[in-house]
Amino acid sequence: ILKVTAMKKMIKNLMLVAVAAMGFVACQDGVDEVVVKPQNTVSVEFTASFDETRSQFGEKVENSGYPSSWSGGEQIMLSLNEATPVIAQVESEGATANFTATLTDDNNTDDNNTEGVIYAFSPLGTYDSSTKISTAGFTGINQTYKDAYVYVLENQKPLANSCDEGAHLLAAKYLYTGGIPSSVELTFVPVAAFGKMTITDFEGEIASVSLTALKAIVGNAYYYYNDEATEENPNLKASGSAKTITLDATNVENNVFWFGCIPANLSGGSLKVVITDTEENTYTKNIDLTGKGLTFKQGRVANFAVSFKDI
């Protein structure tokens, strides 16, 4: 239940309250595939109940996919009309979340422009220009090229039923007319591709698993936030050459490893899978994908198994 009261007042900034609804990550079986002068300040009261946690994707829903939700405390990167991003923090948990942010439009000087876009990206990442080190998530936007800078974790720590939260990339945008709204409902969609790999026929205790492809599947990437993505042409594209994902097994159950990655079609190539056990022994399986399909599609879960029998 959302109650909103508004008082008109000329100000430079806008207090924006957003209710962010997480979408579904679709799944396949087998190898699955303006300056607008802000006009209002608003006071908002929320009443809500939640019974989910973002630490899990949730049980697969037939014909819908895996539901995901917020754990609370996530930081969201927001931009009004591609202006300098600001940061907001999720205040609640569950299938929906609320947060507030003060947005300014520093790119537009037309007082009569009443149309625009609010962009949102999660999770927030960081980039240190001196060390060239990034942390997981979205680190900024480039208005000239209409893209956001993204870092997809090379070293991930999957949870029992979902990928590392840092690799659970999400984005939303809201087009408005008639001036900047006082409240917004954002629908987030998956930006990353996802994998669900089951290791079979392995007798030891796994400490970690690495996957090496012939294409970049992690590391630096660009997210073209205004492009209409298709399976053949996703709008998350690699900008680096990192081809290996390493998955920590600490929280994994039944040797099922979830991960997030950059969309890539590995069909007809190869995939190297290396297990390191708790005694630091390594076991390697080279998978020849000649005549076989393995595609990591944006917003979908590639569900596959790797047997280590006789390895």
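For Y222, the side-chain hydrogen bond (donor to acceptor under 3.5 Å, both in side chains) criterion is met by no residue, not counting sequence neighbours. Residues that satisfy the side-chain hydrogen bond (donor to acceptor under 3.5 Å, both in side chains) test with Y151, not counting sequence neighbours, are E154. Annotation: side-chain hydrogen bond (donor to acceptor under 3.5 Å, both in side chains) contacts of T284 (sequence neighbours excluded): none. Here F308 pairs with nothing under the ring pair (Phe, Tyr, Trp, His ring centres under 6.0 Å) rule; sequence neighbours left out. Remark: D227 pairs with no residue by the side-chain hydrogen bond (donor to acceptor under 3.5 Å, both in side chains) rule, at least two apart or across chains. The salt bridge (Lys or Arg N to Asp or Glu O under 4.0 Å) check on K292 picks up nothing, with sequence neighbours excluded. Listed by chain and number, the residues in a ring pair (Phe, Tyr, Trp, His ring centres under 6.0 Å) with F257 amount to none (sequence neighbours excluded).
Within the model, atoms CD of E231 and CG of N265 stand 10.5 Å from one another, a figure rounded to the nearest 0.5 Å. Here the straight-line distance linking atom OG of S241 with atom CD1 of I217 works out to 12.0 Å at 0.5 Å rounding. Here CG of L170 is found 9.0 Å from CD of E74. Values are rounded to the nearest 0.5 Å. Distance check: D164 CG to L247 CG gives 9.5 Å after rounding to the nearest 0.5 Å.
Grouped with L214 in a hydrophobic cluster is no other residue, since no side-chain heavy-atom contact under 4.5 Å to another Ile, Leu, Val, Met, Phe, Trp or Tyr is found. Cluster partners of V274 are absent, since no Ile, Leu, Val, Met, Phe, Trp or Tyr has side-chain heavy atoms less than 4.5 Å from it.
Q298 is not listed as a side-chain neighbour of T230, based on a closest heavy-atom distance of 4.5 Å or more. Looking at N235 and Y223, their side chains come closer than 4.5 Å, going by heavy atoms from C-beta outward. I87 is listed as a side-chain neighbour of L124, based on a closest heavy-atom distance under 4.5 Å. Put simply, the side chain of F194 reaches to within 4.5 Å of the side chain of C163, judged on heavy atoms. For the pair Q156 and T246, the minimum side-chain heavy-atom distance is 4.5 Å or more. Considering only heavy atoms from C-beta on, I287 comes within 4.5 Å of L289 through its side chain. Contact of the N155 side chain with the D248 side chain is not registered, since no non-hydrogen atoms from C-beta on lie closer than 4.5 Å. Under the 4.5 Å side-chain criterion, counting only non-hydrogen atoms from C-beta, W258 is in contact with V301.
Linking ILVMFWY residues whenever their side-chain heavy atoms come closer than 4.5 Å, directly or via other members, leaves I133 and V150 in distinct clusters. Using a 4.5 Å cut-off between side-chain heavy atoms of Ile, Leu, Val, Met, Phe, Trp and Tyr, with links allowed through other members, V306 and F296 fall into the same hydrophobic cluster. Under the 4.5 Å side-chain heavy-atom criterion for grouping Ile, Leu, Val, Met, Phe, Trp and Tyr, I262 is not connected to L153 through any hydrophobic cluster. The hydrophobic cluster containing F188 does not contain Y224, counting ILVMFWY residues as joined when their side-chain heavy atoms lie under 4.5 angstrom apart, directly or transitively. Note on L175 and Y119: same hydrophobic cluster, where clusters join Ile, Leu, Val, Met, Phe, Trp and Tyr whose side-chain heavy atoms are under 4.5 Å apart, directly or indirectly.
Between F138 and F121, the ring-plane angle classifies as tilted under the 30° and 60° cut-offs.
Scanning all heavy atoms of the two residues, the minimum distance from A221 to S239 falls at N-OG, 3.3 Å. Nearest heavy atom pair, residue T295 against residue A302, reads O-CB, 3.8 Å. Counting all heavy atoms, side chain and backbone alike, P234 lies closest to A229 at CA-CB, 4.2 Å. Minimum heavy-atom separation, K215 to K243: O-CG, 3.4 Å.
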Subject >> Pair Y149-N142, side chain to side chain contact (heavy atoms under 4.5 Å, CB included): steps then yes or no >> reply: CA-CA 8 Å; Y149 304 117; N142 187 322; 2.9 Å; yes
* Between E91 and T100, does a side chain to side chain contact (heavy atoms under 4.5 Å, CB included) hold up when you go through it step by step? -> CA-CA 9 Å; E91 300 169 355; T100 62; 3.9 Å; yes
Side chain to side chain contact (heavy atoms under 4.5 Å, CB included) between T139 and T126, worked out = CA-CA 5 Å; T139 61; T126 61; 5.5 Å; no
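In this structure a side-chain-to-backbone donor-acceptor pair under 3.5 Å is present from D128 to S130. Although no hydrogens or angles enter the test, the distance criterion places no donor-acceptor pair under 3.5 Å between the side chain of N81 and the main chain of A83.
Residue pairs meeting the salt bridge (Lys or Arg N to Asp or Glu O under 4.0 Å) criterion with at least one member in residues 265-279: none, sequence neighbours excluded. Within the structure, salt bridge (Lys or Arg N to Asp or Glu O under 4.0 Å) pairs that include any residue of residues 132-153 comprise E82-K146 (at least two apart or interchain).
A donor-acceptor pair shorter than 3.5 Å cannot be found between the side chains of T282 and T276.
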Only distances under 3.5 Å count here; give the side-chain donor-acceptor pairs of residues 197-208 to other protein atoms, sequence neighbours excluded, each with its distance to 0.1 Å.
| residue | atom | partner | partner atom | Å |
| --- | --- | --- | --- | --- |
| D201 | OD2 | S307 | OG | 2.7 |

